[in-house]
Peer 1: 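Here it is, the structure in full.
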Amino acid sequence: MMCPQTEKIQSSWPAPAKLNLFLHITGRRSDGYHELQTLFQILDWGDELRFSVNDSGRINRSCNVEGIPQEEDICVRAAHLLKNRYGVRKGVDIELIKRIPMGAGLGGGSSDAATVLVALNQLWSCGIKQQELADIGLELGADVPVFVHGHSAWAEGRGEKLQMVTLGRRYYVLVFPEISISTARVFAHPQLKRNSEPVTMSRSNLGPGRNDCEDVVLLMYPELQRLLQDLREWGQPYMSGTGSTFFLSFDDKKTAIEAASELECRYNVRAVSGVDRSALLNNLFACR
Ligand code: C5P
């Protein structure tokens with residue numbers, strides 16, 4: 001990690017992935033969104049963004065993977081939003097190193113956008129308070145605020161009403177089917193369950209549980225049934241967000257690594273740790 005002291009220095013910032021340990025849909029809103037209850041678990045693994053502030057005022061982005069045109073990239077939209085709203089004269093060159101698969105329910109794009117907001121707030125010396133930055137993030141996507149706050153959280157509303165939670169160290173095996181799922185398509189599905197009873201946060205429900213999007217995702221992609229069957233040999237599989245990532249949860253690291261190494265001959269997998277506090281926040285405070 002590098003702390004930015006002056007312009008032209010490139011600084012590297014993490015954009016961690018998240019899991020939705022459970023996801024309940026409790027209603028539909030008039031603005032087209034849904035009312036949710038979900039438990040966001042921040043992970044110790046994710047994308048990386050490198051920033052070099054420039055004097056030209058331009059926002060340029062390069063990326064290690066193809067298929068995300070600059071003008072559509074949520075990172076670029078986040079940088080423009082901040083620049084235009086706060087009248088920033090400077091520009092920035094952004095290098096995006098993508099590791100989180102897209103359309104995987106792991107919040108990759110949202111986390112990248114949050115990292116842009118948090119990093120540029122610092123590098124452009126905007127002086128925006130964290131809650132205001134999270135509100136700006138919400139304009140870009142429902143999952144952006146949790147990454148701006150940088151802590152595992154119980155979430156309600158569209159996913160922006162957050163209560164920080166302490167989940168402790170947990171270990172997960174993520175399994176990535178080679179399917180990219182559109183969140184909007186899942187939420188628009190006529191058979192989506194939208195009437196779950198709201199629950200109250202308690203110690204007993206601060207863990208993995210039901211995802212109301214799963215049945216619809218399995219209807220859309222019946223081939224995922226086979227994956228679920230294979231994962232059940234290791235425990236109860238859960239789905240994150242609107243898919244396509246499924247995960248297994250473990251109390252101890254050794255068993256998680258064993259499961260990952262067994263599964264990796266058939267699937268694209270990764271063993272990760274859950275963290276309460278995101279690496280983005282650690283980076284921010286290290287640079288202050
Ligand atoms: O906010 P974001 O761009 O991530 O959401 C993508 C789409 O998912 C929205 O356009 C909306 O159709 C759907 N969505 C929803 N309710 C939420 C979050 C997302 O209906 N709470």
Side-chain angles (χ1 to χ4, degrees), residues 15-43 46-47 67-69 71-82 96 98 100-118 133-150 152-163 179-199 201 209-217 219-221 239-245 278 280:
K18 58 79 179 164
L19 287 176
N20 297 89
L21 294 187
F22 68 80
L23 194 155
H24 299 170
I25 305 176
T26 55
R28 204 172 198 173
R29 298 158 49 127
S30 52
D31 62 4
Y33 274 83
H34 290 78
E35 288 290 336
L36 310 177
Q37 285 190 316
T38 189
L39 185 57
F40 283 117
Q41 163 79 81
I42 303 288
L43 301 178
D47 294 341
I68 325 172
E71 59 285 3
E72 287 170 26
D73 190 335
I74 192 167
C75 293
V76 176
R77 289 194 282 122
H80 278 294
L81 185 58
L82 206 62
L96 170 60
K98 277 229 76 79
I100 307 171
M102 288 177 273
L106 298 173
S110 304
S111 186
D112 296 342
T115 294
V116 168
L117 295 176
V118 170
L133 214 52
D135 293 342
I136 298 168
L138 185 59
E139 296 177 35
L140 294 159
D143 286 351
V144 180
V146 71
F147 291 112
V148 170
H149 286 292
S152 290
W154 176 281
E156 301 196 357
R158 282 155 64 181
E160 83 289 11
K161 292 183 189 154
L162 300 164
Q163 263 177 280
I179 299 173
S180 175
I181 298 183
S182 152
T183 299
R185 261 191 75 205
V186 172
F187 276 111
H189 200 286
Q191 275 158 276
L192 182 68
K193 176 176 162 57
R194 298 178 164 91
N195 60 353
S196 281
E197 270 304 309
V199 291
M201 185 173 89
R210 189 183 82 245
N211 183 325
D212 284 340
C213 298
E214 187 173 325
D215 287 348
V216 154
V217 168
L219 274 180
M220 290 162 75
Y221 302 97
M239 192 180 81
S240 182
T242 50
S244 60
T245 302
S278 106
L280 174 62

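Start at 1 and go down the list; that is how both ligands and their atoms are numbered.
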Peer 1: For atom 1 (O) of ligand 1, find the nearest protein heavy atom and state the residue, atom name and distance (0.1 Å precision).
Peer 2: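 For atom 1 (O) of ligand 1, the nearest protein heavy atom comes out as Ala142 N, 2.8 Å.
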Peer 1: Have a look at ligand 1 and work out which part of Tyr33, if any, has a heavy atom under 4.0 Å from it: side chain, backbone, both or neither.
Peer 2: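 For Tyr33, backbone and side-chain atoms both sit under 4.0 Å from ligand 1.
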Peer 1: What protein heavy atom sits nearest atom 20 (O) of ligand 1, and how far off is it?
Peer 2: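 Among all protein heavy atoms, the one nearest atom 20 (O) of ligand 1 is His34 ND1, 2.7 Å.
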Peer 1: How long is the gap from CG on Asp112 to CZ on Phe147, to the nearest 0.5 Å?
Peer 2: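 Answer rounded to 0.5 Å: 9.0 Å.
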Peer 1: Check each atom of ligand 1 against the heavy atoms of Gly141 and keep those under 4.0 Å away; list them by number with element.
Peer 2: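 The atoms of ligand 1 under 4.0 Å from a heavy atom of Gly141 are 1 (O).
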Peer 1: Please answer whether the main-chain N or O of Ala17 pairs with a side-chain N or O of Ser111 as donor and acceptor at a distance below 3.5 Å.
Peer 2: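 Side chain of Ser111 to backbone of Ala17: no pair is present.
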Peer 1: Output the list of atoms in ligand 1 that are nearer than 4.0 Å to some heavy atom of Leu36, sorted by atom number.
Peer 2: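 Answer, ordered by atom number: 21 (N).
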Peer 1: With distance as the sole test, does Thr26 use its side chain to make a donor-acceptor pair with the main-chain N or O of Glu35 at under 3.5 Å?
Peer 2: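 Yes, because the side chain of Thr26 sits within donor-acceptor range (under 3.5 Å) of the backbone of Glu35.
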Peer 1: With rounding to the nearest 0.5 Å, note down the distance linking CE in Met220 to NE2 in His189.
Peer 2: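 Rounded to the nearest 0.5 Å, the CE-NE2 separation comes out at 6.0 Å.
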Peer 1: How far is atom 13 (C) of ligand 1 from its nearest protein heavy atom, and which residue and atom is that?
Peer 2: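 Ranking protein heavy atoms by distance from atom 13 (C) of ligand 1, first comes Phe187 CD1, 3.4 Å.
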Peer 1: Considering the heavy atoms of Arg158, write down every atom of ligand 1 situated less than 4.0 Å from one of them.
Peer 2: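 Listed by number with element: 21 (N).
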Peer 1: Would you list the atom pairs, donor with acceptor, under 3.5 Å between side chains in residues 181-188 and any protein atom, with sequence neighbours excluded?
Peer 2:
unit_1: Ser182; atom_1: OG; unit_2: Ala184; atom_2: N; d: 3.4
unit_1: Ser182; atom_1: OG; unit_2: Arg185; atom_2: N; d: 3.1
unit_1: Thr183; atom_1: OG1; unit_2: Thr242; atom_2: OG1; d: 3.1

Peer 1: Under 4.0 angstrom from ligand 1, any heavy atom of Gly32?
Peer 2: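 Distance cut 4.0 Å: Gly32 passes for ligand 1.
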Peer 1: Check contact between Thr183 and ligand 1, using heavy atoms of the residue and a distance below 4.0 angstrom.
Peer 2: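 It does, in that a heavy atom of Thr183 comes within the 4.0 Å cut-off of ligand 1.
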Peer 1: Hey, mind stepping through Met239 and Leu23 against side chain to side chain contact (heavy atoms under 4.5 Å, CB included) and telling me if it holds?
Peer 2: CA-CA 9 Å; Met239 192 180 81; Leu23 194 155; over 6 Å; no
Peer 1: Do the charged groups of Lys18 and Asp143 touch, with an N to O distance under 4.0 Å?
Peer 2: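 Here Lys18 pairs with Asp143 in a salt bridge, since their nearest N and O are under 4.0 Å apart.
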